[in-house]
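First up is the structure itself, then whatever we jot down about it.
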Amino acid sequence: MKINGINTAFYGNFGLLKKSGSKKADTVKNTADAKTKGGIYIKPVSANPAQRDTITQSIKELSKVKFSPNDILYMKNLGINLPFMSGMEAVEYLNHQNISVSYAEFSNPDVHACLDTTQKTPVALINSNYKDLASFSDILAISEALIHEIGHAKDGDSENSIQEELDCLALNVLAHEYHKKTYPDVFEGKNEPLFSEGVSLYPRLFFDFDPNKAKLKKRVAEKYGFLDISSKNHQGGALAGEIKNMAEKQDKVS
């Protein structure tokens, strides 16, 4: 979601905080001293050569990602409009738009990554808690976070919606599926938050055998239900509408 120019990723919590008219939308501040009057703030941190190399390797691995035609069709049938059709498309967009990647501290420790659009050139920010993660599985996970953020950047606006979150979540899900098929067991035994609440979470929800996708709807409603169904370049479909209805019902109960 993006609020006040910050795309805050909630991919389990990766995603995008964009502007919303909802009273529930938090305000986001990006200040040098990381002070805020409320809501989410970020504090960029410097990276050493080894940490920069992890980011470089993540982008390299992302460029290799190819989405399965069957998976693309599956997402289309769910009402998903994919911003990119491969990891290479996303990396080419990243380079063409001069979007840089850095680490940052977030006031919400559950935020995995975000896209800072307060400046003319966006910056994809990764939670500084992960800056020393350097295993191959970590590199793949970061690449999956990045494709989500690049997806949010593609529309070039400051609005967000449930549909946009679904569209971008689908990107990291398909990247994850590629990685699992290409590198079998690479995520085996990875239970850290970046995995258990990130890269290993939404693939299970999107590819749940439940035709009603009840668990997916519940999760997205809890995280993004305060957003509008649609935003510019992300016309809400039936799934987004059902999620919004679920969120409104939850609000009434609470």
Side-chain angles (χ1 to χ4, degrees), residues 1-20 25-62 90-91 93-95 97-135 137-154 156 158 160 164-165 168-169 171-172 175 192-199 223-224:
M1 288 176 282
K2 183 191 292 176
I3 299 177
N4 293 345
I6 303 292
N7 260 347
T8 301
F10 283 93
Y11 176 41
N13 289 325
F14 279 122
L16 170 71
L17 280 181
K18 285 188 170 185
K19 286 184 178 179
S20 169
D26 293 325
T27 57
V28 177
K29 303 290 182 181
N30 179 13
T31 59
D33 58 359
K35 293 180 179 178
T36 180
K37 295 180 180 179
I40 298 170
Y41 62 81
I42 63 172
K43 180 182 179 181
V45 299
S46 59
N48 62 37
Q51 294 161 352
R52 293 299 309 174
D53 184 62
T54 295
I55 292 175
T56 299
Q57 291 300 315
S58 294
I59 295 172
K60 180 179 178 180
E61 289 301 322
L62 179 56
V91 171
Y93 185 84
L94 178 86
N95 292 332
Q97 298 297 318
N98 294 316
I99 298 172
S100 60
V101 181
S102 301
Y103 294 100
E105 295 178 3
F106 303 122
S107 58
N108 182 342
D110 295 329
V111 172
H112 296 311
C114 76
L115 186 69
D116 179 358
T117 59
T118 56
Q119 304 300 318
K120 183 177 181 180
T121 302
V123 180
L125 299 172
I126 302 165
N127 192 319
S128 60
N129 290 338
Y130 308 142
K131 67 181 186 298
D132 293 320
L133 300 182
S135 72
S137 56
D138 297 327
I139 288 170
L140 297 181
I142 291 171
S143 77
E144 294 168 17
L146 288 177
I147 194 171
H148 183 116
E149 299 313 319
I150 303 168
H152 278 306
K154 188 179 180 183
S158 61
N160 191 23
E164 182 169 345
E165 288 300 334
C168 292
L169 285 169
L171 288 175
N172 39 247
E192 297 88 342
L194 179 58
F195 298 88
S196 63
E197 287 298 309
V199 299
K223 296 297 181 182
Y224 309 112

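Residue numbers start at 1 and run along the sequence shown. Just so it is clear, the values below take in all heavy atoms, side chains as well, and ignore hydrogens, waters and symmetry mates.
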- Query: Is the shortest heavy-atom distance from the side chain of Ile126 to the side chain of Val101 under 4.5 Å?
  - Reply: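 Heavy-atom side-chain distance check passes, below 4.5 Å.
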To the nearest 0.5 Å, what is the distance between [atom1] on [X] and [atom2] on [Y]?
{"X": "Lys154", "Y": "Ile99", "atom1": "NZ", "atom2": "CD1", "answer": "11.5 Å"}
{"X": "Lys223", "Y": "Glu165", "atom1": "NZ", "atom2": "CD", "answer": "11.5 Å"}
{"X": "Cys168", "Y": "Asn160", "atom1": "SG", "atom2": "CG", "answer": "8.0 Å"}
{"X": "Leu133", "Y": "Ile142", "atom1": "CG", "atom2": "CD1", "answer": "6.0 Å"}
{"X": "Ile42", "Y": "Asp116", "atom1": "CD1", "atom2": "CG", "answer": "4.0 Å"}

Non-hydrogen atoms of [X] and [Y] that approach each other most closely:
{"X": "Ile150", "Y": "Ala90", "result": "CG2-O, 3.6 Å"}
{"X": "Asn172", "Y": "Glu144", "result": "CB-O, 3.1 Å"}
{"X": "Ser143", "Y": "Ser58", "result": "CB-O, 3.2 Å"}
{"X": "Val123", "Y": "Ser102", "result": "CG1-OG, 4.1 Å"}
{"X": "Glu149", "Y": "Cys114", "result": "OE1-C, 3.6 Å"}

What residues, two or more places apart in sequence or in another chain, satisfy side-chain contact (heavy atoms from CB on, under 4.5 Å) together with [X]?
{"X": "Asn48", "answer": "Ala50, Gln51"}
{"X": "Ser135", "answer": "Ser137, Asp138, Lys190"}
{"X": "Gln57", "answer": "Asp53, Lys60, Ile139"}

- Message: Just to verify, what does Asn129 make a side chain to side chain donor-acceptor pair (under 3.5 Å) with, not counting sequence neighbours?
- Response: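 With neighbours one apart ignored, the set is Asn127.
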- Task: Could you give me the CA-CA distance, side-chain angles and deciding distance for Gln97 and Thr121, then say whether side-chain contact (heavy atoms from CB on, under 4.5 Å) is met?
- Result: CA-CA 7 Å; Gln97 298 297 318; Thr121 302; over 6 Å; no
- Message: side-chain contact (heavy atoms from CB on, under 4.5 Å), that's the test. Do Tyr130 and Thr54 meet it? Break it down for me.
- Response: CA-CA 10 Å; Tyr130 308 142; Thr54 295; over 6 Å; no
- Message: Applying ring-ring contact (aromatic ring centres under 6.0 Å, His included), can you list everything that pairs with Tyr103, at least two apart in sequence or on another chain?
- Response: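 With sequence neighbours excluded, Tyr103 shows a ring-ring contact (aromatic ring centres under 6.0 Å, His included) to no residue whatsoever.
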- Message: Tell me whether Ser107 contacts the main-chain N or O of Tyr41 through its side chain, where contact means a donor paired with an acceptor under 3.5 Å.
- Response: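 Indeed, once roles are kept as given, a pair shorter than 3.5 Å links the two residues.
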